[in-house]
Amino acid sequence: MTKIRIAPSLLSADFSRLGEELRDIERGGADLVHLDVMDGHFVPNLTIGPAVVKACRAQTSLPFDCHLMIAHPQQYIGAFLDAGANMISVHQETEPHLQRALRLIRDGGAKAGIAINPATAAESLSAAIEFCDFVLVMTVNPGFGGQKFIEPVVGKIRLIAQMIRERGVAVDIEVDGGIDRSTTPLVVAAGATILVAGSAVFGQPDRKMAMEAIRNSVSVRV
Ligand code: DX5
Ligand code: ZN
């Protein structure tokens, strides 16, 4: 069975206690930390930048997965690498030189990801998928935590999984938005192996139990 990795999104954590929140999910069995970077241009919200990522880096040994929802992402890749990112994804919709951006991330020693919005077609990955380590498929329109999962995106995950198999490339599929124990079986059956979960983890008092509930939903229903 394919290993599923859970990446709690810090966006739904208590921002006044980030160090404790990070230690809590590490103890609870998280595989990665998902950090949402928003600029108020590409998405209608503002969140954190490299300084906060760097401060968090000292608080946990979990790998950092930085999701850049910003205009001109290429300009900031170096700053996030320096801050300690282990994975960086850039949105295809805002990066006109995608292969170059992915190369920069890999040259900096991190895993490179292409993020796509719910309305962006699977076929749009065709010329770049060989250059990335993972595809981040948004299952909500990015900008906020706690939004409703967009179910038709499941078909697109299936198409991307098929493209990966046909090309014979080692690319993971990460899903982000509205992931909880009811949507997890759908996305995992379609081919997702990295699950971002914000409100479904940090919105619960017991984060370990919340992550176990997500993991168990796979073995029970798939
Ligand atoms: C949304 C962000 C997500 C967000 C997910 O734009 O990219 O990572 O934190 O939150 P939930 O899991 O609550 O939908
Ligand atoms: Zn995200």
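Just so you know, ligand 1 is whichever comes first in the structure, and atom 1 is the first atom listed for that ligand.
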Starting from atom 10 (O) of ligand 1, what is the nearest protein heavy atom, named by residue and atom, and what distance separates them? G145 CA, 3.5 Å
Do the charged groups of K3 and D172 touch, with an N to O distance under 4.0 Å? no
With rounding to 10 degrees, what does the angle D176:OD2 / the Zn ion (ligand 2) / H67:ND1 come to? 90°
Starting from atom 6 (O) of ligand 1, which protein heavy atom do you reach first, and at what distance in Å? G143 N, 2.7 Å
Looking only at atom types and distance, does a side-chain atom of S217 sit under 3.5 Å from a main-chain N or O of P185, one as donor and one as acceptor? no
With a 4.5 Å cut-off on side-chain heavy atoms, are V37 and F80 touching? yes
Just by modelled atom types, is the D176 backbone N or O under 3.5 Å from a matching donor or acceptor in the T139 side chain? yes
Point-to-point distance, once rounded to the nearest 0.5 Å, from NE2 of H41 to CG of L46: 7.5 Å
Nearest non-hydrogen protein atom to atom 5 (C) of ligand 1, with distance, is D176 OD1, 3.5 Å
Close N or O approach (N141, ligand 1; < 3.5 Å): no
Per-atom contacts, ligand 1 versus G146 - under 4.0 Å to a heavy atom: 10 (O), 11 (P), 13 (O), 14 (O)
Check V175, T120, V153, N117 against M138 for a side chain to side chain contact (heavy atoms under 4.5 Å, CB included) and give me the one that passes. N117
Student check: side-chain heavy atoms of P50 and Y76 closer than 4.5 Å: no
Any heavy-atom pair between the side chains of P8 and R207 that's under 4.5 Å? no
For ligand 1, which atoms sit closer than 4.0 Å to a heavy atom of M69? 6 (O), 7 (O)
Can you name the atoms of ligand 1, numbered from 1 with element, that are less than 4.0 Å from a heavy atom of H34? 8 (O)
For ligand 1, which atoms sit closer than 4.0 Å to a heavy atom of H67? 7 (O)
When you measure from the side chain of K156 to the backbone of P118, do you find a donor-acceptor pair of N or O atoms at a distance under 3.5 Å? yes
Does any N/O atom on A200 come nearer than 3.5 Å to any N/O atom on ligand 1? no
Distance from atom 1 (C) of ligand 1 to nearest protein heavy atom, with residue and atom: F144 O, 3.4 Å
Closest to atom 13 (O) of ligand 1 among P8, G203, G198, S199 (heavy-atom distance): S199
Protein contact to atom 2 (C) of ligand 1 [nearest heavy atom, distance to 0.1 Å]: D36 OD1, 3.4 Å
How about R17: does its CZ atom have over 12 heavy atoms from other parts shown lying under 6.0 Å from it? yes
Side chain, backbone, both or neither: which part of A197 has a heavy atom under 4.0 Å from ligand 1? backbone
Do ligand 1 and M38 have nitrogen or oxygen atoms that lie under 3.5 Å from each other? no
Top protein contact for atom 9 (O) of ligand 1, by heavy-atom distance: S9 OG, 2.8 Å
Please confirm whether V196 comes within less than 3.5 Å of ligand 1 when only nitrogen or oxygen atoms on both sides are compared. no
Can you tell me if H34 and D36 form a side-chain donor-acceptor pair at under 3.5 Å? yes
What N/O/S atom of D36 gets nearest to the Zn ion (ligand 2)? OD1
Taking both backbone and side-chain atoms of G177, is any N or O found less than 3.5 Å from an N or O belonging to ligand 1? no
Which residue and non-hydrogen atom of the protein lie closest to atom 14 (O) of ligand 1, and at what distance in Å? G178 N, 2.8 Å
Can you spot which of I160, L125, I114 makes a side chain to side chain contact (heavy atoms under 4.5 Å, CB included) with V137? I160
By number and element, which atoms of ligand 1 are closer than 4.0 Å to a non-hydrogen atom of M138? 7 (O)
Passes side-chain contact (heavy atoms from CB on, under 4.5 Å), R57 versus L22? Steps please. CA-CA 10 Å; R57 185 62 288 174; L22 285 163; over 6 Å; no
Per-atom contacts, ligand 1 versus P142 - under 4.0 Å to a heavy atom: 6 (O)
